[in-house]
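See structure below.
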Amino acid sequence: MSEDILSEVRRDYIYRLIKNGDRIGGRKADEYRDVSVEKGIIARAEGSARVKIGNTDVLAGIKAQIGEPFPDTPDKGVIITNAELVPLASPSFETGPPNENGVELARVVDKGIRGSKAIELEKLCLDAGSKVWIIFIDIHILDHDGNLIDASALASMAALTNTTLPYIRYEVGEEDEALLIKDTPIATTCADIGGEIVFDPCLDEENASNIELTVTTNANGDISGIQKRGAGKIPFGDISQIVDSSRRLAGELRKKL
Amino acid sequence: MSEDILSEVRRDYIYRLIKNGDRIGGRKADEYRDVSVEKGIIARAEGSARVKIGNTDVLAGIKAQIGEPFPDTPDKGVIITNAELVPLASPSFETGPPNENGVELARVVDKGIRGSKAIELEKLCLDAGSKVWIIFIDIHILDHDGNLIDASALASMAALTNTTLPYIRYEVGEEDEALLIKDTPIATTCADIGGEIVFDPCLDEENASNIELTVTTNANGDISGIQKRGAGKIPFGDISQIVDSSRRLAGELRKKL
Amino acid sequence: MSEDILSEVRRDYIYRLIKNGDRIGGRKADEYRDVSVEKGIIARAEGSARVKIGNTDVLAGIKAQIGEPFPDTPDKGVIITNAELVPLASPSFETGPPNENGVELARVVDKGIRGSKAIELEKLCLDAGSKVWIIFIDIHILDHDGNLIDASALASMAALTNTTLPYIRYEVGEEDEALLIKDTPIATTCADIGGEIVFDPCLDEENASNIELTVTTNANGDISGIQKRGAGKIPFGDISQIVDSSRRLAGELRKKL
Amino acid sequence: MQNRPEKLINDGVRLDGRGADEIRPIKIEAGVLNRADGSCYIEWGGNKVLAAVYGPREAHPRHLQDPRKAIIKYRYNMASFSVEDRKRPGPDRRSVEISKVSREALAPVLMLEYFPRSSIDIFVEILQADAGTRTTGITAASVALADAGIPMKNLVSAISVGKADGEVVLDLIREEDNYGEADMPVAMITETGDITLLQMDGNLTEEEFIKALNFAKKGCESVYKLQRRSLIEKYEKSCSD
Amino acid sequence: MQNRPEKLINDGVRLDGRGADEIRPIKIEAGVLNRADGSCYIEWGGNKVLAAVYGPREAHPRHLQDPRKAIIKYRYNMASFSVEDRKRPGPDRRSVEISKVSREALAPVLMLEYFPRSSIDIFVEILQADAGTRTTGITAASVALADAGIPMKNLVSAISVGKADGEVVLDLIREEDNYGEADMPVAMITETGDITLLQMDGNLTEEEFIKALNFAKKGCESVYKLQRRSLIEKYEKSCSD
Amino acid sequence: MQNRPEKLINDGVRLDGRGADEIRPIKIEAGVLNRADGSCYIEWGGNKVLAAVYGPREAHPRHLQDPRKAIIKYRYNMASFSVEDRKRPGPDRRSVEISKVSREALAPVLMLEYFPRSSIDIFVEILQADAGTRTTGITAASVALADAGIPMKNLVSAISVGKADGEVVLDLIREEDNYGEADMPVAMITETGDITLLQMDGNLTEEEFIKALNFAKKGCESVYKLQRRSLIEKYEKSCSD
C-alpha cells in the first residue's frame with residue numbers, strides 16, 4: 001500500500017511540475033538528459049557500445065555467425081534483435097523469457113534499423129541460398145531510469161557502426177571487414193503527461209504518463225519507424241508536430257554515434 | 001459458490017429430465033442436434049471445413065508441407081493432428097499449450113483416421129527416405145456446447161475430402177492433386193447420465209455425466225477407434241449395444257460429408 | 001507446522017547422537033550402509049545398473065545413438081548425463097524439468113567421469129566431423145534416503161562397465177562392441193553435522209547438515225572431481241583429511257563394480 | 001511463396017482494382033458466438049477474423065487484480081491454416097507485440113474503473129489472413145466489446161495505410177504489405193479524432209506520412225459506419241426474435 | 001528398429017509360444033519402496049514397471065483443491081532407457097493422454113469424498129517397455145493404492161488385447177503391437193464386470209471386437225488373482241516381520 | 001574457436017606473462033548502479049562482471065517465504081555477447097549449477113535470520129568472459145551485498161586455481177581453462193580460513209590438490225584486500241559528495 005501511495009505522490013508531483021512548465025532536473029520539454037556513447041568495450045563481441053542517458057544505462061553487443069538464409073530471401077543476410085531486461089537493472093524486471101515490454105523494445109529497435117535499410121542485407125550474403133551472415137543485436141539493460149527505447153536504439157546503432165565481421169574466424173575470407181552502415185536511424189521518444197509533451201522521459205515521468213510515442217528518423221529526415229505505446233490516446237493534430245521535434249532531436253543524438 | 005450451486009441445479013435438472021425419458025430440446029436419446037458442414041471456407045488452407053452441431057462450432061484446416069519421413073517408415077507420408085481449444089470458444093478454455101483435454105481430442109480424431117486407413121500414407125511419399133507430404137490437420141474450436149470430438153472428427157474428415165495437395169507451389173509436380181480419401185471414419189459419442197445412454201451430449205449434459213464413450217466406425221461398419229472418457233465406469237454388457245448405435249448414427253452423419 | 005516441529009525434533013536427535021560419537025543404525029562415521037550393485041537389468045538399454053545404498057535406490061541406464069560431434073571436437077564422441085528425480089522417489093520431488101538439485105547431481109556425476117577420462121571419447125568417433133557415438137547416461141532415482149550422488153555415480157559407472165555399443169543395429173559395424181572403460185571414478189560424499197564429518201549420510205542426516213562434500217577419486221588415487229554443496233562452510237584444514245578418507249572409501253566401493 | 005508482381009500499381013489502379021484511397025469490401029456481423037459474452041465476425045478483403053469478449057469477470061490469477069480498475073487481456077492469435085506457410089500454434093514475438101498494442105488501442109474507450117478486480121478478456125482469432133489482420137482484429141474486438149455490453153465511451157476503428165510502388169495507399173492487401181515500402185496500422189476514436197494505435201514499419205517521407213495519416217482517418221470513418229451498422233442490425237435482430 | 005517378422009502367428013502359435021488367449025508371465029510385488037506410502041513392482045513379460053502412491057495429502061497448488069473430494073494425480077512416465085530408441089525425458093502427448101485415461105480408470109474405485117481438499121498422487125515409471133505398458137501401469141497402481149491403505153471399493157485390473165495377423169490375441173507383445181492390426185487396452189473391476197478403461201487403435205470388425213472384449217475380461221480375471229495374491233504376500237510378510 | 005597454443009607455460013612463464021601463483025590485474029568498483037540497492041563492477045583480467053543486490057525485500061511468490069529467515073536468490077547470467085560463440089539467452093544447466101553453488105558460497109556470511117519472510121536477490125551479469133567468471137561473480141556479489149548494507153559477518157573472496165601443462169597455476173586464463181588439465185574454483189572467508197565454495201573439474205594428484213588449495217588461499221587474500229579497498233573508496237566518495 002505505502003508503495004502505492006508513494007508512487008501516487010510522485011506522480012502528482014511530476015504532474016504539477018509539468019503543468020507549471022517545469023520538469024525534474026530543470027529540463028526543457030524537448031531536452032534530453034546527458035547522453036554518452038562508449039564504443040568497443042566488449043572485446044569478445046564483433047561490436048559493442050554502452051549508452052547512458054542520464055541514469056539509464058544500456059549495453060548492446062553484436063555477434064555474427066554464418067548460417068542459412070530464410071527460404072524466401074535466399075540472397076539476404078539475417079538480423080536478429082533481442083533485448084534482455086535483466087532483473088539487475090530494475091526491481092520491476094523479472095527473470096524468465098522476455099515479456100511483452102522486452103519483446104516490444106527489441107522489435108521497435110529492429111524495425112527502425114530495417115525500415116531505414118541501415119544495413120544492406122544483400123551485402124551479408126556469402127553464398128545465395130546457403131550461407132549468409134546472421135547478425136545478432138543483443139541489448140542488455142543495465143540500469144533503468146526511463147526511456148529504454150532511445151538508449152537501446154542508440155546503443156544498437158553505435159554497436160553496429162563499431163562492428164567487424166569475423167571473416168577469418170569463420171574461414172570465409174582472408175580479412176575481417178567492417179560492417180557496412182548505410183544510414184543512421186535514431187529513435188526519439190516523448191511522453192504525454194497531462195496533455196504536455198516531454199521528450200526523453202525519465203522513469204518517474206514515464207510512470208506519470210499513459211502514452212509514449214517513439215519516432216525513428218533517418219539521416220535524411222525520413223521516418224523509418226513509429227510506435228505508440230501506453231493505454232492513452234493522442235490527438236490527431238499533435239502527431240505531425242511531434243514528428244518534427246523528433247527529427248530535430250534525432251539530429252543532435254546522431255552526432256553522438 | 002453461486003456458480004457451483006447453479007451448475008448443481010442444472011445437473012439435477014438434466015438428470016431428472018433424462019430419468020423421465022426426456023431431454024433438453026426434446027431430443028431422443030440417440031438423436032443428434034442439427035448438423036451442418038461447410039467446406040472450403042479458408043482459401044489459404046489446402047482444405048478446410050466448418051462443422052456445427054447445434055451450438056458447437058468447429059473449424060478444421062489442412063496444411064500440407066514437404067518434409068522428411070520418419071526413419072522407421074521411409075516410404076510413408078506423415079499426418080499430424082493438433083487441436084486448439086482457444087479461449088474464445090469457452091470460459092473454461094485457457095491460453096497456453098493444449099492441456100490433456102486438447103491432447104486427447106486431437107489424438108482420438110487422429111487415431112480414427114489412422115485406424116481406418118482413410119489416407120493412404122504410401123501415396124504421400126514423393127521420394128522414399130527423403131521427401132514426403134506432411135499433412136497437418138489443425139482443429140480450431142470456435143464455440144463449445146458439448147460433443148467437441150464428434151464435431152472435430154467430422155470437420156477433419158470434411159476438410160480432408162476438400163484438400164488439394166499443392167504440388168505446383170512446392171515445385172514437386174506440374175498439377176495440384178486432390179488428396180485421395182479411402183475411407184470415411186465417423187466418430188459418435190454418447191454419455192451415460194444416471195445409467196441412461198444419450199448420444200451427442202450438449203455441454204450441460206456432459207457436465208451431468210461422468211462417462212463418455214466415443215466410437216469411430218468406418219464406411220463398411222468396422223470399428224477404427226474407441227475411447228472411454230470420464231471418471232466413471234460402464235457395465236460390460238452395455239458396450240456392444242452402444243457400438244451398434246454408433247455405427248447406425250455414423251451412417252447418418254457420413255451423408256453430411 | 002507440525003511437519004516443521006517433527007523435522008526439528010529429528011534434526012536434534014541426529015545432532016545429539018553424533019555429538020556422542022554415535023549414529024543412526026550404529027554406523028561409524030566413515031561407514032557406508034549396505035551397498036548392492038545389480039547390472040544388466042534393463043534389456044532395452046545398452047547398459048544398466050541398479051544400486052542400493054541402504055534404502056536409497058537408483059537405476060542408471062545407458063543408451064547409445066549415432067550423431068554429429070560438437071564442432072570444436074570433431075574427432076570425439078559425446079557423453080550426455082541426465083538425472084530424473086521422479087516424484088515416485090520422494091515426497092519432495094516434483095514433476096517438471098530437473099531443478100537445480102537434479103542438474104547438480106547429473107553434472108557432478110558427469111564431471112567425475114570426464115575428469116577421470118574413464119571413457120576415451122576419441123574411441124567413440126566413427127567418422128571425424130560427421131559421425132560419432134553419443135552416449136546417454138540416464139539416472140533414474142527410485143527411492144531417496146540420502147546420498148543420491150554416490151549412488152548415482154556408482155550406478156552410472158556400473159552401467160557403463162555393462163554397456164555394449166549397438167554397431168549392428170546402427171549398421172556401422174558387423175559386431176557389437178563392449179564400451180571401453182579406462183578408469184573407475186568413485187564418488188564419496190560426507191556431511192558435516194555440528195562439526196563432525198560423517199560419510200554416506202542418510203536423508204535424516206542430510207537434513208541435519210548444511211554442508212556436504214563430494215570427492216571423486218580414480219583407481220590410481222587421483223582426484224577427478226570435487227563439489228561442496230549446502231549453505232555452510234568447511235574449515236580449510238579439514239579438507240585434506242576428507243580427501244584421504246574419500247580415497248580409502250572409494251577403494252572399497254570400487255570393488256562392487 | 002508467390003513471386004513479387006512486376007507492378008503493384010498500374011496507372012493508379014491497384015492489383016485488386018482499387019484506387020489509392022479506397023477500402024476493400026468489409027462485412028461485419030455482431031453476436032455470432034453463443035458462449036462468449038460478446039462477439040464479432042469480420043470479413044475484410046481476404047481477412048476472416050473472429051473476436052470474442054468475456055467479462056467483466058474475476059481477474060485470475062489473483063495477483064493480477066487491480067483494486068482500482070479492471071484489467072484488459074487481449075490475445076491476438078493466428079490459426080495455423082490462416083497463412084500460406086503453416087504457422088506453428090502458440091504465441092510468437094509478433095503476436096505478443098500485436099496483443100500489447102491492440103490492448104492499448106482499446107483501453108482508452110473502456111470504463112475500467114467501473115469494475116475493480118475484474119478482467120475484460122478479448123480473444124481475436126485470425127482464421128484467414130490477407131494483410132491488416134491487427135487492424136481488422138481491433139475493429140472486430142471493438143464491436144465484440146459493445147456486443148458484450150461493456151461500458152464504452154466510443155467505438156475504436158482501425159485500418160492500415162502504407163506505401164507501395166512509391167504511392168501512399170489505404171488498406172493494404174497482402175502483396176502491397178509484402179513488397180511495398182511501408183505499412184502503418186492506425187486505430188482511432190473517429191468521433192474525437194484521437195489516435196489510439198499508431199505503428200509504422202518501413203520508410204516514409206514526412207509528406208507521405210501526413211498523407212497516410214489523412215488516408216487512415218478517412219478509412220477509419222468508413223469502418224466506423226460499418227461497425228455501428230453491425231450493432232444496429234444485431235439489436236434489431238434481437239428485438240425481432 | 002528390428003524388421004517385421006514374416007509371421008506374427010504360426011499355426012496358432014505366437015512368437016513367444018503362447019496361444020491366442022494366453023497371458024505372459026506376470027510377477028507382482030507390493031510394498032517395494034520405502035519413501036512412498038504405497039508401491040508395487042510388476043514384471044509382465046518384458047515390461048518392468050514401478051508404481052508409487054503418495055497421499056491422501058494436501059493438494060497443491062491450492063487452487064486445485066476440491067472442497068468436496070480428493071483429486072487424483074496420475075503420472076505415467078517412460079524412463080529414457082525403457083525403449084530401443086532413447087525417449088527424451090519429460091511428458092509428450094502420448095503420456096499426457098495415457099495419464100488422463102489411467103487416472104479415469106482408477107477413479108471409480110476410490111472413495112474420494114472421504115478426503116476433501118486432498119490429493120492422491122500416483123506415479124508410474126516404465127523402466128522397461130514391451131507393449132501393454134499402460135495396462136501394466138494401471139494394474140501396478142491399483143496394487144500400490146491398496147498398499148498405501150487408500151480406501152477402495154475394489155481393485156482395478158487391466159490388460160491389452162488386439163489383433164495380429166488377422167487373429168484376435170490377448171496380451172500383445174511388442175511385435176504384435178508394432179506390426180499388428182489393432183491394440184485395445186481394457187481395465188475392469190473384475191468383481192462387477194464394469195469397464196473403467198477402454199481404448200482402441202487400429203481396426204476391428206464387430207465380431208472381432210466382441211471376441212477381444214471377452215478375451216480382455218478373461219485376462220483381467222487372471223490379473224486380478226495375481227494382484228490379490230501380491231497383497232496377501234505383503235500382508236503376511238509384514239505380519240511375520 | 002582458436003586453436004590450442006603449443007605451450008601454455010614456457011619456462012614457468014604463462015601466456016600472459018604471469019608466474020604460476022600470480023593473479024591478473026583486478027579493478028573493483030562498488031556502487032556503480034542507481035536502481036539496485038547495492039552493486040559492484042569488476043574487471044578481472046579479461047572478465048567484465050556486474051553484480052547487483054536487491055533486498056531484503058518481500059519474498060515472492062509467497063510460498064517461497066521462510067518464516068524464520070531470509071531466502072537468497074542468486075542468478076548468474078552470461079550476456080549473449082560475452083563469449084566468442086554467441087550464447088543463447090536464458091539459463092542453461094551450467095548457469096543453474098553455478099547459481100546454486102554461488103548462492104551457497106555467500107550464505108554462510110549473511111545474517112539471514114534478521115529478515116524472516118524476505119528475499120535477498122543477487123544478480124550477476126557476465127558482460128565479458130575470460131575464465132573464472134563464477135569466482136569473479138561471487139567476489140563482485142560479496143561487495144555488492146556490503147554496498148547494499150546487508151548485515152554480513154564477513155566478505156567472501158573467490159578465485160580459481162587449476163593445472164595447465166602439468167603445473168598448478170593460480171587464476172586461470174581462458175586458454176588454461178580450455179586446454180588445461182584441471183579447474184578448481186574456490187571461495188573463502190579469508191579472515192577465518194573457512195571454505196564456502198569448492199569445486200573441481202579435471203584431474204589432480206593429491207599433492208597437486210594441496211598445492212592448488214594453498215595457491216587459492218593466497219589468491220583469496222589478495223582479492224579480499226581489493227574488495228575492502230573498493231568499499232572504502234565508495235564510502236569516502238559518498239562522504240565527500
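First the proteins, then the strands, lettered A, B, ... as listed; each starts at 1.
- Contacts with chain E were tallied for C:Gly61, C:Pro87, C:Ala45, C:Ala60; C:Pro87 has the most, counting heavy-atom pairs under 4.5 Å.
- Crowding of C:Lys39 atom NZ: a count of heavy atoms from other residues, nucleotides or ligands under 6.0 Å exceeding 12.
- Both the backbone and the side chain of E:Asn34 come within contact range of chain C, judged by heavy atoms closer than 4.5 Å.
- If you measure heavy-atom distances from E:Asp130 to chain C, the contacts under 4.5 Å come from both the backbone and the side chain.
- Distance check, rounded to the nearest 0.5 Å: CG of C:Leu88 to CD1 of E:Ile122 gives 12.0 Å.
- A salt bridge does not link C:Lys63 to E:Asp85: none of the charged side-chain nitrogens sits closer than 4.0 Å to a carboxylate oxygen.
- For the atom pair CG (E:Asp121) and CD (C:Glu94), the distance works out to 10.5 Å, reported to the nearest 0.5 Å.
- Within 6.0 Å of CD on C:Glu174 lie no more than 12 heavy atoms contributed by other residues, nucleotides or ligands.
- Taken from CD in E:Glu43 to CD1 in C:Ile41, the straight-line distance is 9.0 Å, to the nearest 0.5 Å.
- Atom NZ of E:Lys100 has more than 12 neighbouring heavy atoms from other residues, nucleotides or ligands inside a 6.0 Å radius.
- In the displayed structure, C:Glu68 atom CD is contacted under 6.0 Å by at most 12 heavy atoms of other residues, nucleotides or ligands.
- Side chain of E:Asn77 to backbone of C:Val86: no donor-acceptor contact under 3.5 angstrom is found.
- Proximity to chain E is limited to the side chain of C:Leu203, based on heavy atoms less than 4.5 angstrom apart.
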request  = Apply the test side-chain contact (heavy atoms from CB on, under 4.5 Å) to residues E:Ser82 and C:Arg44: give CA-CA distance (whole Å), side-chain angles for both, the deciding distance (0.1 Å), then the verdict.
outcome  = CA-CA 6 Å; E:Ser82 64; C:Arg44 293 278 178 278; 5.9 Å; no
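- Distance check, rounded to the nearest 0.5 Å: CZ of C:Phe136 to CZ of E:Arg88 gives 9.0 Å.
- Looking at E:Arg86, both its backbone and its side chain come within 4.5 Å of chain C, counting heavy atoms on both sides.
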ask   = Are C:His140 and E:Phe81 close enough, and set up right, to give a side-chain contact (heavy atoms from CB on, under 4.5 Å), and what steps lead you there?
value = CA-CA 10 Å; C:His140 224 77; E:Phe81 45 74; 4.0 Å; yes
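- Heavy atoms closer than 4.5 Å to chain E are found nowhere in C:Glu171, neither backbone nor side chain.
- For C:Ala89, the part sitting under 4.5 Å from any heavy atom of chain E is the backbone (N, CA, C, O) and nothing else.
- Heavy atoms from other residues, nucleotides or ligands lying under 6.0 Å from CZ of E:Arg228 number 12 at most.
- Atom-to-atom distance recorded for C:Phe93:CZ and E:Tyr54:OH is 8.5 Å, nearest 0.5 angstrom.
- Here the side chains of E:Glu125 and C:Glu84 are not in contact, with every heavy-atom distance at 4.5 Å or above.
- Within 6.0 Å of the CZ atom in E:Arg229, the count of heavy atoms belonging to other residues, nucleotides or ligands does not exceed 12.
- Note on E:Gly90, E:Ser80, E:Pro91: by heavy-atom pairs under 4.5 Å with chain C, the leading option is E:Ser80.
- In this structure, the side chain of E:Gln128 engages the main chain of C:Ala43 through a donor-acceptor pair within 3.5 Å.
- With a threshold of 4.5 angstrom between heavy atoms, C:Asp138 approaches chain E through its backbone and through its side chain.
- Among the candidates C:Leu59, C:Thr56, C:Asp145, C:Asp57, the residue making the largest number of heavy-atom pairs closer than 4.5 Å to chain E is C:Leu59.
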